[in-house]
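Below is one structure; the comments refer to it alone.
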Number of protein chains: 2
Amino acid sequence: MLAEDDPRQAEALRRYLTAAGHRATVVADGETALRQAREQAFDLLLLDVMLPKLDGMQVCRILRQESDVPVLMLTARSAEDDLLRGLDLGADDYMTKPYSPRELVARVRTLLRRVRTTPQESPVHRLGRLTVDESRRLVTAGDTTVDCTAGEFAILAAMIRQPGRVFSRVQLLEHTRGVDRESTGRTIDVHVMNLRRKIESNPRRPQQLLTVYGVGYKLSAGTS
Amino acid sequence: MLAEDDPRQAEALRRYLTAAGHRATVVADGETALRQAREQAFDLLLLDVMLPKLDGMQVCRILRQESDVPVLMLTARSAEDDLLRGLDLGADDYMTKPYSPRELVARVRTLLRRVRTTPQESPVHRLGRLTVDESRRLVTAGDTTVDCTAGEFAILAAMIRQPGRVFSRVQLLEHTRGVDRESTGRTIDVHVMNLRRKIESNPRRPQQLLTVYGVGYKLSAGTS
DNA sequence: CCGGTTTGTCAGGAACCGGTCAAGGCGGGG
DNA sequence: CCCCGCCTTGACCGGTTCCTGACAAACCGG
């Protein structure tokens with residue numbers, strides 16, 4: 001939630017945040033901010049200090065007594081006293097205008113990372129009947145776990161990161177071999193074949209790891 | 001803990017903090033900071049960016065992989081990029097010199113309040129027949145206590161913090177020595193072998209400390 | 001339907017990787 | 001000063017994986 005009374009600034013901030021992949025609800029005064037915060041569980045509150053009806057300090061103070069939602073204060077003044085009051089009232093961070101979009105987004109991300117309950121988030125990709133856990137190096141097809149060699153895993157991981165994208169053989173080779181080694185041989189084809197044997201129910205008729213004739217390979221969701 | 005190489009600044013900061021009722025341990029370089037942070041559980045780390053041997057950014061990055069201790073970065077430069085890098089590396093807050101004593105103390109208090117209200121995770125990890133108590137540096141396998149060397153303990157602790165995750169040799173090396181020194185040698189392998197002799201009932205057929213061919217090692221729950 | 005090109009498949013050998021051992025370096029404690 | 005553990009390194013070996021070349025099958029345009 002973003003509490004900011006100047007429509008232009010509010011719009012600018014909202015754009016930064018959505019561009020960074022966040023959703024934002026905008027409110028224009030302190031009372032509304034407080035009411036909304038009570039009705040709905042937000043991940044984070046961006047709170048301008050100068051707000052109509054109820055200023056940011058008050059909102060922060062009241063909210064702190066009833067919730068642990070992260071609060072990031074925004075102020076035009078750079079007065080140190082403001083800053084100190086804000087932090088003492090329970091704000092988690094503080095930025096003075098004018099703020100840079102990148103810094104704002106970075107601070108938001110920091111606060112969100114803290115609140116996200118997942119202690120260790122490992123990027124797990126899913127596509128069709130396929131699952132790839134990169135940090136654990138775990139692959140499952142359907143409900144059976146598959147163990148891949150390093151090269152096979154590298155190819156599969158690269159492809160599932162961008163489902164549907166077509167990869168040339170050279171591009172895939174770069175993932176297995178770090179550097180670009182020009183190889184016109186059958187190397188990649190063999191790896192793909194071995195992968196299909198492990199992840200496709202019928203390797204002769206691939207459903208997910210598909211050939212793009214004349215170009216390379218791609219990973220699709222299959223029949224779903 | 002306060003990591004700051006300029007003795008005068010370090011002393012000044014220490015005084016601010018003690019005046020505000022905190023205790024502070026002062027270290028003068030990055031490697032020492034990292035080592036101390038591993039040996040002892042601090043409530044918060046005040047980290048100067050420019051440090052000898054290992055700069056603050058590196059310390060932050062490495063430490064973040066193994067701990068959730070709040071980190072407050074300090075820098076002379078006010079470059080925005082520094083700030084962003086710091087926050088992206090997992091720092092919780094950031095201040096540019098010269099900072100006011102009051103603001104510093106306020107930010108420290110904010111971070112400390114956060115960590116104290118957060119449910120503390122127990123520093124003793126369990127996985128299969130393994131137990132690792134980080135604060136006491138105690139390891140048990142089954143019901144027999146094992147004494148590990150520093151390097152062995154560092155590896156085991158790093159792995160048990162994220163069970164199942166696959167660690168490369170370079171990553172594990174970062175835990176035994178502070179810095180990433182490229183070593184194609186058998187260092188890690190030897191440590192792993194010695195660990196297996198101590199914690200596995202049959203070191204030839206490891207049940208928990210497993211090899212991931214072509215990648216590194218991982219710790220699994222074993223037969224359960 | 002035909003021919004050239006691209007891909008699937010196979011198997012052997014090269015390259016690589018990890019387990020293990022022993023020797024040497026380094027530092028701390030006596 | 002020496003002794004003793006610990007860490008590191010290099011070498012060797014057995015096992016796995018990867019690459020390569022050949023051939024068959026599939027694909028595409030005409």
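All chains are named by letter (A, B, ...) in the order of the sequence lines, taking the proteins before the strands, and each is independently numbered beginning at 1.
- Applying the 4.0 Å criterion to OP1 and OP2 of C:dT20, one finds that B:Arg204 has a side-chain N or O inside that range.
- With respect to B:Glu11 and B:Arg14, a salt bridge is recorded, a charged nitrogen being found less than 4.0 Å from a carboxylate O.
- The nucleotide whose nearest atom lies closest to any side-chain atom of A:Val190 is, among D:dC18, D:dT20, C:dT20, D:dT20.
- For B:Leu209 and C:dG19, the CG to C1' distance is 13 Å, given to the nearest whole Å.
- Closest contact between the side chain of B:Ala150 and the listed nucleotides D:dC7, D:dC18, C:dG18 involves D:dC7.
- In this structure, B:Lys198 atom NZ and D:dG5 atom C1' are separated by 11 Å, rounded to whole Å.
- Residue A:Pro203 is the one, among B:Gly214 and A:Pro203, whose nearest nucleotide of DNA chain C lies closer to the 5' end (criterion: closest heavy atom).
- The CG-P distance, from A:Asp189 to C:dT5, rounds to 18 Å in whole Å.
- Side-chain nitrogen and oxygen atoms of A:His191 include at least one within less than 4.0 Å of the OP1 or OP2 phosphate oxygen of D:dC19.
- The main-chain N or O of B:Pro206 is never found under 3.5 Å from a side-chain atom of B:Arg196 such that the two would form a donor-acceptor pair.
- The CZ-P distance, from A:Arg196 to C:dT9, rounds to 7 Å in whole Å.
- Comparing A:Met193 and B:Gly216 against DNA chain C, the residue whose closest nucleotide sits nearer the 5' end is A:Met193.
- Residue B:Gly185 is classed as having no contact, given no heavy-atom separation below 4.0 Å to the nucleic acid.
- Of the side-chain N and O atoms in B:Tyr217, one or more sit less than 4.0 angstrom from OP1 or OP2 of C:dG19.
- Between B:Arg169 and C:dG18 there is a side-chain polar atom (N or O) within less than 4.0 angstrom of OP1 or OP2.
- B:Thr187 comes within 4.0 angstrom of a nucleotide base, judged by non-hydrogen atoms across all strands.
- Proximity of B:Leu46 to B:Leu104: side-chain heavy atoms (C-beta onward) are separated by under 4.5 Å at one or more points.
- Side-chain contact between A:Asp189 and A:Tyr217: present, with at least one pair of heavy atoms (C-beta onward) separated by less than 4.5 Å.
- Here the P atom of nucleotide D:dC7 and the CD atom of B:Glu152 are 6 Å apart, to the nearest Å.
- Atom CG in B:Leu195 sits roughly 12 Å away from atom P in D:dC6 (whole-Å rounding).
- Between B:Arg186 and the phosphate of C:dC21, there is no side-chain N or O to OP1/OP2 separation shorter than 4.0 Å.
- Atom CD1 of A:Ile188 and atom P of C:dT6 are 17 Å apart (whole Å).
- In this structure, CG of B:Asn194 is placed 17 Å from P of C:dG18, rounded to the nearest angstrom.
- Applying the 4.0 Å criterion to OP1 and OP2 of D:dC18, one finds that A:Thr149 has a side-chain N or O inside that range.
- Taking for each of B:Gly151 and A:Cys148 the nucleotide of DNA chain D with the nearest heavy atom, the 5'-most of the two is the partner of B:Gly151.
- Interface remark: the B:Tyr213 side chain does form a donor-acceptor pair with the D:dG15 base, using a distance-only criterion of under 3.5 Å.
- B:Thr211 has no side-chain polar atom (N or O) that falls below the 4.0 Å cut-off from OP1 or OP2 of C:dC17.
- Taking all atoms of both residues into account, the shortest heavy-atom contact from B:Gly56 to B:Leu47 is O-CD2, 3.3 Å.
- Looking at heavy-atom distances under 4.0 Å, B:Val192 makes no contact with the nucleic acid at all.
- Residues A:Leu156 and A:Leu219 have side chains in contact (heavy-atom distance under 4.5 Å, counting atoms from C-beta outward).
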